[in-house]
There are 2 protein chains.
Amino acid sequence: MKLISQLSKETGIPVGTIRFYEKAGLFSGVKKQDVTTNNYVYYDQDVVEKIRFIKMAKAVGFTLAEIREVVDAWYKKQFTKNARLRVLDKKLVQLDEKIAELKAMKKQIAICKDNIANDRST
Amino acid sequence: MKLISQLSKETGIPVGTIRFYEKAGLFSGVKKQDVTTNNYVYYDQDVVEKIRFIKMAKAVGFTLAEIREVVDAWYKKQFTKNARLRVLDKKLVQLDEKIAELKAMKKQIAICKDNIANDRST
DNA sequence: AACAACCCTACAGTATACTGCAGGGTTTGA
DNA sequence: TCAAACCCTGCAGTATACTGTAGGGTTGTT
């Protein structure tokens with residue numbers, strides 16, 4: 001159980017951004033019920049994993065709304081087993097689509113490099 | 001040589017967005033010098049390819065500024081051969097990084113699916 | 001000539017995702 | 001006890017990437 005600044009250090013995500021993500025419903029910390037003198041929020045290792053996933057998902061172009069679909073399927077128990085699996089399968093398809101686009105871009109850049117190297121630049 | 005609405009149809013990108021991209025310096029059309037009665041802009045097949053590349057790059061999370069680096073290396077002749085190749089090589093590294101992230105995400109979602117299927121959900 | 005269907009510029013407005021205060025309370029170590 | 005270093009809420013501001021509208025000209029068909 002860590003406080004927000006510790007979570008920030010472990011994930012490399014600024015405190016303000018963590019709060020923003022939490023308000024957006026991407027994960028949630030807990031208030032310790034035995035502590036009454038403050039309203040500090042604690043986070044466990046689970047949240048570290050989620051933030052790392054969010055970082056990767058953002059890096060490959062998913063919006064926070066799209067990422068939320070996944071984390072909801074990931075840990076929201078009010079959805080049925082099949083509903084959760086359906087969401088995850090849909091995301092796997094999207095991941096494969098992105099991989100295909102990345103490969104197409106690699107090919108195109110390779111052609112472009114070849115053209116430059118041989119002074120056939122468009 | 002096509003007008004903007006034709007380009008929009010061929011690429012699936014709205015006319016407004018095409019103008020926005022052109023203003024951002026991602027590509028440029030040409031004015032026909034023999035036509036003096038209007039200021040219509042024409043685009044050739046080259047621009048179609050560039051827009052398709054932009055679509056893919058955006059889908060995998062590149063910003064327009066990052067995409068611009070590539071298209072500049074792609075067709076700006078004022079840069080040296082080596083400078084252009086350097087930019088493209090940097091982008092190839094970034095593409096591989098994104099592919100690695102996508103693969104990591106696929107693995108994580110597969111584990112999550114497995115947990116749900118076996119009722120070990122976190 | 002008239003009408004639809006284009007073309008242009010310019011600029012205001014929106015959505016997403018932060019980022020940075022202000023203002024105020026708490027914890028911890030010297 | 002006092003200061004540094006945390007914690008909280010709330011809200012305004014910024015950057016990026018569009019999206020929409022106003023206002024006006026051109027083209028092509030009937």
Side-chain angles (χ1 to χ4, degrees), chain A residues 1-44 47 50-72 94 101, chain B residues 1-44 47 50-72 94 101:
Chain A
M1 293 302 242
K2 35 204 144 226
L3 288 168
I4 199 160
S5 67
Q6 178 63 23
L7 183 61
S8 169
K9 263 173 219 144
E10 285 181 32
T11 59
I13 299 292
V15 167
T17 305
I18 292 174
R19 288 200 215 279
F20 177 79
Y21 287 167
E22 187 165 2
K23 267 183 201 147
L26 290 170
F27 50 78
S28 46
V30 287
K31 301 206 183 195
K32 287 196 177 167
Q33 55 273 63
D34 53 324
V35 181
T36 52
T37 50
N38 67 35
N39 52 347
Y40 290 9
V41 177
Y42 291 82
Y43 302 90
D44 58 19
V47 175
K50 266 165 205 152
I51 292 180
R52 293 214 173 111
F53 184 84
I54 293 165
K55 267 179 94 169
M56 286 193 290
K58 278 191 48 61
V60 296
F62 284 105
T63 63
L64 294 187
E66 288 168 330
I67 295 167
R68 211 198 137 151
E69 288 177 9
V70 179
V71 297
D72 280 355
Q94 290 177 6
E101 283 173 317
Chain B
M1 293 300 239
K2 38 203 143 226
L3 289 168
I4 200 161
S5 65
Q6 178 63 23
L7 183 61
S8 171
K9 263 171 220 147
E10 285 180 33
T11 59
I13 299 292
V15 168
T17 306
I18 293 174
R19 287 199 217 280
F20 177 79
Y21 286 167
E22 186 164 5
K23 266 183 203 148
L26 291 170
F27 50 79
S28 46
V30 287
K31 301 204 183 195
K32 287 196 175 164
Q33 56 275 63
D34 53 325
V35 179
T36 51
T37 51
N38 66 36
N39 52 348
Y40 290 9
V41 177
Y42 291 82
Y43 302 89
D44 57 20
V47 176
K50 266 166 206 151
I51 291 180
R52 295 214 172 113
F53 184 85
I54 293 164
K55 270 179 91 169
M56 287 192 289
K58 277 190 48 59
V60 295
F62 284 106
T63 64
L64 294 187
E66 288 169 329
I67 295 167
R68 207 194 142 153
E69 287 176 10
V70 179
V71 299
D72 281 355
Q94 290 176 5
E101 284 172 315

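From a predicted model like this one, the values you see are computed outputs, not experimental measurements. A, B, ... follow the sequence lines: proteins, then strands. Residue 1 opens every chain.
- One interatomic measurement links the two molecules: OH of A:Y40 to P of C:dG25, which rounds to 12 Å at whole-angstrom precision.
- Residue A:T17 places no side-chain N or O under 4.0 Å from the OP1 or OP2 atom of C:dA17.
- Atoms CZ and CG, on A:F27 and A:D44 in that order, are 11.0 Å from each other to the nearest 0.5 Å.
- Inter-residue side-chain proximity for B:L64 and B:K58 is flagged as met; some heavy-atom pair is nearer than 4.5 Å.
- Note: CD (B:Q6) to C1' (C:dA5) measures 14 Å, nearest angstrom.
- The interatomic distance linking A:F20 (CZ) with C:dT16 (P) rounds to 10 Å, in whole Å.
- Residue B:P14 has its side chain nearest to D:dT19 when only C:dC8, D:dT19, C:dA17 are considered.
- Heavy atoms of B:Y21 sit under 4.0 angstrom from primed sugar atoms or phosphate atoms, though from no base atom.
- For the pair A:K32 NZ and D:dC8 C1', the interatomic distance rounds to 17 Å; values are reported in whole Å.
- When each of C:dT19, D:dC18, C:dT9 is scored by its nearest atom to the side-chain atoms of B:R19, the top-ranked nucleotide is C:dT9.
- The residue among A:V35 and B:K9 whose nearest nucleotide of DNA chain C lies closer to the 5′ end is B:K9.
- Map A:V15 and A:K23 each onto its nearest nucleotide of DNA chain D; the residue landing nearer the 5' end is A:V15.
- In this entry the distance linking CD1 of A:I18 with P of C:dC18 reads 12 Å, nearest Å.
- When the P atom of D:dT26 is taken as reference, atom OH of B:Y42 falls 13 Å away, rounded to whole Å.
- Separating the CZ atom of A:F62 from the P atom of C:dA15 is a distance of 23 Å, rounded to the nearest angstrom.
- For A:T37, the side-chain atoms get nearest to C:dT26 when compared with the rest of C:dC18, C:dT26, D:dT27.
- Residue B:I4 contributes atom CD1, which lies 12 Å from atom C1' of C:dC6 at whole-angstrom precision.
- A donor-acceptor pair under 3.5 Å is formed between the side chain of A:K55 and the backbone N or O of A:T11.
- Listed pair A:S5 / D:dA5 fails the phosphate criterion, with no side-chain N or O lying under 4.0 Å from OP1 or OP2.
- Atom OH in B:Y21 sits 8.5 Å away from atom CD1 in B:I51 (nearest 0.5 Å).
- With A:Y43 as the fixed residue, the side-chain hydrogen bond (donor to acceptor under 3.5 Å, both in side chains) test singles out one of A:K50, A:E22, A:K2, A:Q6: A:E22.
- For the OP1/OP2 pair of D:dT27 and a distance below 4.0 Å, the side-chain nitrogens and oxygens of B:N38 include at least one atom meeting the criterion.
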